[in-house]
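First the structure, in the form of structure tokens, and then the observations on it.
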Amino acid sequence: MRLEEKLTGLAVLPEVIEKSVADGGKPVHDMWIATSLGKRVDGTEEGLRKACAVLDDVLGELQQLKRQQDEAKDRLGKLATDLTQRMNAVEKNDKKREETLAAIDQRVATLESQPASDGGPSLAMIEELKKKFDKMEKEMAAVKKELDSKAPKVDNSPNWISAEDVEEKLKAALSEFSSKETALPI
């Protein structure tokens, strides 16, 4: 097709030369300018075609990034909801443990105030309390393991009671009870 265009351009060449001479111009110079303009227009068209292709690619990538961003927001929302649910479950579990610890503390206080026949709490009661403490320690270890595997670390939150804090309280209560047990006459 380009060859045909060039041949057509050559066919009108005598007319262009006659017109240029009649107008008082320079035919070769005018022909050179016309050819240069044609090449410039062709180059500009090619540049615009490439620029449009690049722009289409960029727009496609922007749309893809927007979709990915929306998907990430959805996943983050789901993770936040899941984390909130888990934290609520942990708080309920912590409250239950605190209530159990308070009940055990009250029972220990009651036992301490009621001397057994030999002047101290009965050995059966002490063993029962030790078993309850051991059971609670195992449950706390399981809860801690589950939290460590599923929930991210949350530090310095005023409403958060970590499994380590509860475990430390349990150990302190157990060691306090054990020290009282050795001091009691059996």
Side-chain angles (χ1 to χ4, degrees), residues 47-186:
L48 283 174
R49 192 172 16 258
K50 288 180 181 179
C52 286
V54 168
L55 189 58
D56 285 340
D57 291 344
V58 168
L59 288 175
E61 289 177 12
L62 282 175
Q63 288 174 348
Q64 183 180 4
L65 285 173
K66 177 145 178 52
R67 277 193 306 273
Q68 290 174 348
Q69 182 183 21
D70 292 341
E71 290 171 1
K73 283 181 183 178
D74 290 343
R75 284 187 299 223
L76 185 60
K78 288 177 184 177
L79 287 173
T81 302
D82 186 44
L83 179 61
T84 302
Q85 290 173 348
R86 288 181 184 181
M87 288 178 65
N88 289 338
V90 167
E91 287 175 8
K92 286 180 184 178
N93 196 14
D94 285 344
K95 286 179 185 178
K96 183 179 175 183
R97 300 249 184 265
E98 287 176 11
E99 291 170 0
T100 304
L101 281 174
I104 290 173
D105 286 342
Q106 186 178 9
R107 184 140 187 220
V108 167
T110 303
L111 290 174
E112 287 176 347
S113 67
Q114 295 177 355
S117 60
D118 60 355
S122 70
L123 189 57
M125 289 181 176
I126 292 172
E127 289 300 318
E128 179 185 343
L129 289 175
K130 280 186 179 181
K131 287 178 184 177
K132 286 184 179 182
F133 273 113
D134 289 343
K135 181 181 175 186
M136 288 185 69
E137 281 186 327
K138 288 178 184 176
E139 289 176 358
M140 288 305 298
V143 168
K144 180 183 175 193
K145 184 177 180 180
E146 182 179 340
L147 286 176
D148 289 343
S149 68
K150 294 183 180 177
K153 296 288 182 187
V154 179
D155 295 329
N156 301 327
S157 176
N159 296 328
W160 179 263
I161 298 175
S162 69
E164 290 85 4
D165 292 341
V166 174
E167 185 177 16
E168 287 178 52
K169 287 180 184 179
L170 281 173
K171 286 182 179 179
L174 183 59
S175 67
E176 181 182 324
F177 179 77
S178 296
S179 67
K180 287 181 182 179
E181 176 187 349
T182 57
L184 295 174
I186 298 179

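Values in this document were obtained by computation on a predicted structure and should not be read as measured data.
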**Request:** Only counting residues at least two apart or in another chain, list the ones meeting salt bridge (charged side-chain N to carboxylate O under 4.0 Å, His left out) with D56.
**Result:**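 Listed in chain order: nothing, the list is empty.
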**Asked** Sequence neighbours excluded, which residues qualify as salt bridge (charged side-chain N to carboxylate O under 4.0 Å, His left out) partners of K96?
**Response**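 K96: no salt bridge (charged side-chain N to carboxylate O under 4.0 Å, His left out) contacts found.
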List for me each residue that meets side-chain contact (heavy atoms from CB on, under 4.5 Å) alongside [X], sequence neighbours excluded, and say none if there are none.
X   : answer
Q68 : Q64, L65
D57 : none
R49 : E46

From [X] atom [atom1] to [Y] atom [atom2], the distance as rounded to the nearest 0.5 Å:
X    : Y    : atom1 : atom2 : value
L83  : N88  : CG    : CG    : 9.5 Å
L101 : K132 : CG    : NZ    : 12.0 Å
Q69  : L62  : CD    : CG    : 11.0 Å

Identify all side-chain donor-acceptor contacts of residues 75-82 below 3.5 Å with residues at least two apart in sequence or on another chain.
residue	atom	partner	partner atom	Å
T81	OG1	G77	O	3.0
D82	OD2	R86	NE	3.3
D82	OD2	R86	NH2	3.2

**Item:** Contact summary for R97 and M136, nearest pair of heavy atoms
**Value:**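 Looking at all heavy atoms of both residues, the closest pair is O-CE, 4.1 Å.
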